[in-house]
Trainee: 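Starting off with a structure, shown below.
Side chains included, hydrogens not; waters and symmetry mates left out as well; all remaining heavy atoms used.
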Amino acid sequence: MRHGFVVPFASETEFVELARLGEQAGWDAVLSWEGVWRQDAWVQLGAAAVATERIRLGTVVTPAARYRPWDLAALTGSVDRLSGGRVTLGVGLGALNSNWTAFEGETPRKERAELLDECLAIWSRLSAGEKFSHTGAHYQLDLTGELEPGGPPPTAQRPHPPVWAVGALVRGRERQPSLERAARWQGIFPAVVGGDAEPGHSNLDPAALREIVDRVRALREADGLPWEGYDVVVEGDSHGDFGDTHDPSGWAEAGATWWVESWWDVPGTPAGVEELRRRVAAGPPR
């Protein structure tokens with residue numbers, strides 16, 4: 001199992017410092033996150049790309065429904081090339097909060113899901129440098145001709161950087177669109193909702209993770225997609241009190257391939273950044 005960490009609150013220069021420290025301490029990934037009207041995650045990751053050599057760089061999560069696909073492709077492609085192919089794009093619908101609604105209002109969940117899927121479909125083909133046309137509910141494109149002055153080069157990772165998608169098992173529902181989305185890409189942030197699941201929590205335990213893994217594996221097999229190399233990402237907090245997952249042991253046997261430390265209870269203060277430095281320097285919980 002590989003190990004990453006999320007930087008919850010830090011300046012751009014502090015983020016780069018923590019990425020370098022994480023690489024030195026043996027972490028496998030450093031992740032930023034995306035809100036509205038805050039530090040830009042992709043600028044942070046681009047700066048970290050040129051200051052590191054090995055550690056993977058990604059987001060948890062990018063609300064891709066907010067992006068025009070070509071803007072997202074330009075950002076991820078630039079950071080992937082800067083890093084020599086170390087980007088992972090984490091995606092989800094995003095949590096509607098006051099920062100989001102103050103600027104953009106409240107887009108219905110169904111529409112955000114449609115936008116997310118269509119954005120990723122276009123993003124993947126743009127990242128691969130394909131010539132294609134697309135007619136969808138939200139975007140109509142014809143890129144079969146020549147562009148002036150032309151598009152950017154393809155990403156370093158081919159055909160595109162891996163995508164980890166939020167995949168929620170909805171109790172009591174026969175069809176599972178969220179798991180279907182995650183199965184189409186390269187990894188999953190698993191969660192459980194509905195039934196007795198507590199709102200605002202992942203509601204994961206090893207038994208629930210095994211069920212999700214079995215379902216996603218079956219979906220991939222039905223679509224002729226390989227299981228080898230697929231990432232199952234469990235978020236936890238082995239240091240503090242955030243969330244309900246604190247012990248990294250046992251998750252690999254249930255199917256997890258990544259443990260990501262999510263330290264959202266660390267305050268965005270100088271003392272909080274110092275605590276992040278301490279946790280990162282201590283290395284992953286192996």
Trainee: To check you understand the geometry: which heavy-atom pair defines the closest contact between Gln157 and Pro162, and what is its length?
Mentor: OE1-CD, 3.3 Å

Trainee: Is the backbone of Ala183 close enough, under 3.5 Å, to the side chain of Arg220 for a donor and an acceptor to pair up by distance?
Mentor: yes

Trainee: Are Glu104 and Arg66 ion-paired here, with the side-chain N under 4.0 Å from a carboxylate O?
Mentor: yes

Trainee: Linking I/L/V/M/F/W/Y whenever their side-chain heavy atoms sit closer than 4.5 Å, directly or via other members, would Val234 and Leu179 fall into one cluster?
Mentor: yes

Trainee: Has the side chain of Ser202 got a donor or acceptor atom that lies under 3.5 Å from a matching backbone atom of Ala191?
Mentor: no

Trainee: With a 3.5 Å distance limit and no angle check, can you tell me whether Arg184 reaches the backbone of Asp223 through a side-chain donor-acceptor pair?
Mentor: no

Trainee: Run Trp164 and Ile188 through side chain to side chain contact (heavy atoms under 4.5 Å, CB included) and show every step you take.
Mentor: CA-CA 5 Å; Trp164 292 348; Ile188 184 172; over 6 Å; no

Trainee: Determine yes or no for a side-chain-to-main-chain donor-acceptor pair under 3.5 angstrom, with Glu23 supplying the side chain and Ile55 the backbone.
Mentor: yes

Trainee: Please lay out, stage by stage, how Glu34 and Thr62 fare under the test side-chain hydrogen bond (donor to acceptor under 3.5 Å, both in side chains).
Mentor: CA-CA 6 Å; Glu34 296 205 54; Thr62 292; 2.4 Å; yes

Trainee: Check for a donor-acceptor pair, side chain of Trp33 on one end and backbone N or O of Pro8 on the other, with a separation under 3.5 Å.
Mentor: yes

Trainee: Are the charged groups of Arg215 and Glu180 less than 4.0 angstrom apart, N to O?
Mentor: no

Trainee: Group every Ile, Leu, Val, Met, Phe, Trp and Tyr by side-chain heavy-atom contacts under 4.5 Å, then state whether Leu126 and Trp42 land in the same group.
Mentor: no

Trainee: Decide yes or no on side chain to side chain contact (heavy atoms under 4.5 Å, CB included) for Trp263 and Val280, but give the supporting numbers first.
Mentor: CA-CA 11 Å; Trp263 298 319; Val280 172; 3.8 Å; yes

Trainee: Run the salt-bridge test on Glu274 and Arg277 with the 4.0 Å N-O cut-off and return the result as yes or no.
Mentor: yes

Trainee: Can you tell me how far the CZ atom of Arg81 sits from the OG1 atom of Thr155, to the nearest 0.5 Å?
Mentor: 7.5 Å

Trainee: Establish whether Leu147 and Ile122 are linked, either directly or via other cluster members, by ILVMFWY side-chain heavy-atom contacts under 4.5 Å.
Mentor: yes

Trainee: Can you measure from OH (Tyr67) to CG (Leu116) and round to the nearest 0.5 angstrom?
Mentor: 13.0 Å

Trainee: Between Pro63 and Gly94, which heavy-atom pair has the shortest distance, and what is it?
Mentor: CB-CA, 4.0 Å

Trainee: Can you classify the ring geometry of Trp27 versus His3 as parallel (below 30°), tilted (30 to 60°) or perpendicular (above 60°)?
Mentor: perpendicular

Trainee: First locate atom CZ of Arg56, then atom CG of Leu45, and finally report the distance between them rounded to the nearest 0.5 Å.
Mentor: 11.5 Å

Trainee: State, with a plain yes or no, whether a side-chain heavy atom of Val7 is found less than 4.5 Å away from one of Val30.
Mentor: yes

Trainee: Just checking Arg109: does its CZ atom have more than 12 heavy atoms from other residues, nucleotides or ligands closer to it than 6.0 angstrom?
Mentor: no

Trainee: Check whether the side chains of Trp123 and Thr76 place a donor and an acceptor atom closer than 3.5 Å, and report yes or no.
Mentor: yes

Trainee: Could you tell me if the side chain of Trp264 sits less than 4.5 Å from the side chain of Val6, heavy atoms only?
Mentor: yes

Trainee: Report yes or no: does Arg112 contribute a side-chain atom to a donor-acceptor pair with the main-chain N or O of Thr107 at less than 3.5 Å?
Mentor: yes

Trainee: Using only heavy-atom distances, determine whether the side chains of Ser32 and Gln44 contain a donor-acceptor pair under 3.5 Å.
Mentor: yes

Trainee: Taking all heavy atoms of Phe9 and all of Val266, pick out the closest pair and write down the distance.
Mentor: CD1-O, 3.5 Å

Trainee: Do other residues, nucleotides or ligands put more than 12 heavy atoms under 6.0 Å from Arg210 CZ?
Mentor: yes

Trainee: Just wondering, do Trp185 and Val91 contact through their side chains at under 4.5 Å, heavy atoms?
Mentor: no

Trainee: Can you check whether Val163's main-chain N or O pairs, donor with acceptor, with Gln186's side chain at less than 3.5 Å?
Mentor: yes

Trainee: Would you please say whether a donor-acceptor pair under 3.5 Å links the side chains of Glu261 and Ser238?
Mentor: yes

Trainee: Give a yes or no on this: more than 12 heavy atoms of other residues, nucleotides or ligands lie within 6.0 Å of atom CD of Glu53.
Mentor: no

Trainee: So which heavy atom on Cys119 is nearest to which on Ala64, and how close?
Mentor: SG-O, 3.5 Å

Trainee: Applying the 4.5 Å side-chain criterion to the ILVMFWY set and letting contacts propagate, would Trp227 and Met1 be lumped into a single cluster?
Mentor: yes

Trainee: Should the heavy atoms of other residues, nucleotides or ligands under 6.0 Å from CZ of Arg54 be counted, would the total exceed 12?
Mentor: yes

Trainee: Taking Glu17 first and then Arg20, would you say they form a salt bridge - that is, a charged N and a carboxylate O separated by under 4.0 Å?
Mentor: no

Trainee: So does Trp259 get a backbone contact from the side chain of Arg2, meaning a donor-acceptor N/O pair under 3.5 Å?
Mentor: no

Trainee: With rounding to the nearest 0.5 Å, note down the distance linking CG in Asp214 to CZ in Arg217.
Mentor: 8.5 Å

Trainee: Heavy atoms only: give me the nearest Asp205-Ala208 pair and the separation to one decimal.
Mentor: OD1-N, 2.7 Å

Trainee: Are the side chains of Leu204 and Pro190 in touch, meaning some heavy atoms are under 4.5 Å apart?
Mentor: yes

Trainee: Looking only at atom types and distance, does a side-chain atom of Asp117 sit under 3.5 Å from a main-chain N or O of Arg181, one as donor and one as acceptor?
Mentor: no

Trainee: First locate atom CH2 of Trp251, then atom CG of Leu209, and finally report the distance between them rounded to the nearest 0.5 Å.
Mentor: 6.0 Å

Trainee: Between the side chains of His138 and Glu114, is a donor N or O closer than 3.5 angstrom to an acceptor N or O?
Mentor: yes

Trainee: Is atom CD of Glu146 surrounded by more than 12 heavy atoms (other residues, nucleotides or ligands) closer than 6.0 Å?
Mentor: no

Trainee: Return the CD to CZ distance between Glu235 and Phe242, rounded to the nearest 0.5 Å.
Mentor: 8.0 Å

Trainee: Under a single-linkage definition using a 4.5 Å side-chain heavy-atom cutoff for Ile, Leu, Val, Met, Phe, Trp and Tyr, are Leu21 and Leu57 assigned to the same hydrophobic cluster?
Mentor: yes

Trainee: Assess whether side chain to side chain contact (heavy atoms under 4.5 Å, CB included) is satisfied between Leu115 and Tyr139, documenting all intermediate values.
Mentor: CA-CA 9 Å; Leu115 283 163; Tyr139 299 106; 4.3 Å; yes

Trainee: Work out which heavy atom in His239 is nearest to a heavy atom in Asp237; give both atom names and the distance.
Mentor: N-OD1, 3.0 Å

Trainee: Quick check: does any side chain N or O of Asn203 sit under 3.5 Å from a backbone N or O of Val192, one acting as donor and the other as acceptor?
Mentor: yes

